[in-house]
Amino acid sequence: MDISITPLVERIARVLAGQRLSSNAEGSNPSAGEAVDLAWREHLDDARAVLRTLREPDQQMASAGDAAVWERMVRAAIDADGAEKPNADRVQEEAAAVGP
């Protein structure tokens with residue numbers, strides 16, 4: 001089995017950026033690789049929302065494997081990112097912690 005060295009939230013953000021930029025999807029750029037490299041961070045909140053949605057497997061997924069293992073794996077990806085909250089909320093909290 002292949003195991004990625006790129007964090008899951010980044011991979012999802014890159015897919016979302018590519019989907020919006022690449023002419024192979026909804027975008028207009030015929031060679032979007034460089035544009036995706038520059039834009040993927042703009043899609044982190046959407047990627048985090050996808051991860052939070054994936055925490056619970058559906059019935060078909062649960063019947064194919066161990067639902068508890070799935071949940072732990074997705075939770076590990078969320079925890080590794082440290083992003084239980086969207087960017088805006090985290091930035092506000094960090095600014096408040098630093099003070100004026």
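Any value given below was found using the heavy atoms of this structure, including those in side chains, with hydrogens, waters and symmetry copies removed. Small disclaimer: the values here were computed from a predicted structure and weren't measured.
- Closest approach of W70 and R55 over heavy atoms only: CD1-O, 3.7 Å.
- R52 and D45 get closest at one heavy-atom pair: NH2-O, 4.5 Å.
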Verdict with reasoning, R20 to D46, per side-chain contact (heavy atoms from CB on, under 4.5 Å)
CA-CA 12 Å; R20 287 170 179 82; D46 291 336; 3.9 Å; yes
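- When every heavy atom of L51 is checked against every heavy atom of V74, the shortest pair comes out as O-CG1, 3.3 Å.
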side-chain contact (heavy atoms from CB on, under 4.5 Å) evaluation trace for R48 with I78:
CA-CA 7 Å; R48 290 173 180 132; I78 292 168; over 6 Å; no
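- Here Q19 contributes atom CD and I12 contributes atom CD1; the two are 13.5 Å apart, rounded to the nearest 0.5 Å.
- Taking the salt bridge (Lys or Arg N to Asp or Glu O under 4.0 Å) definition, one finds that E56 meets it with nothing, sequence neighbours left out.
- A pairwise comparison of heavy atoms in M61 and D58 identifies N-OD1, 2.8 Å as the closest pair.
- Summarising the geometry of A13 relative to W40, their closest heavy-atom pair is CB-O, 3.4 Å, with the distance given to 0.1 Å.
- Here the CG-CZ distance, from D37 to R14, works out to 4.5 Å after rounding to the nearest 0.5 Å.
- Under the 4.5 Å side-chain heavy-atom criterion for Ile, Leu, Val, Met, Phe, Trp and Tyr, V15 and L8 are members of distinct hydrophobic clusters.
- Remark: side-chain polar atoms of S63 are paired, donor with acceptor, to backbone N or O of Q60 under 3.5 angstrom.
- Considering only heavy atoms from C-beta on, L16 stays 4.5 Å or farther from R11 through its side chain.
- Scanning both residues, A17 and H43, for their nearest heavy atoms gives CB-CD2, 3.4 Å.
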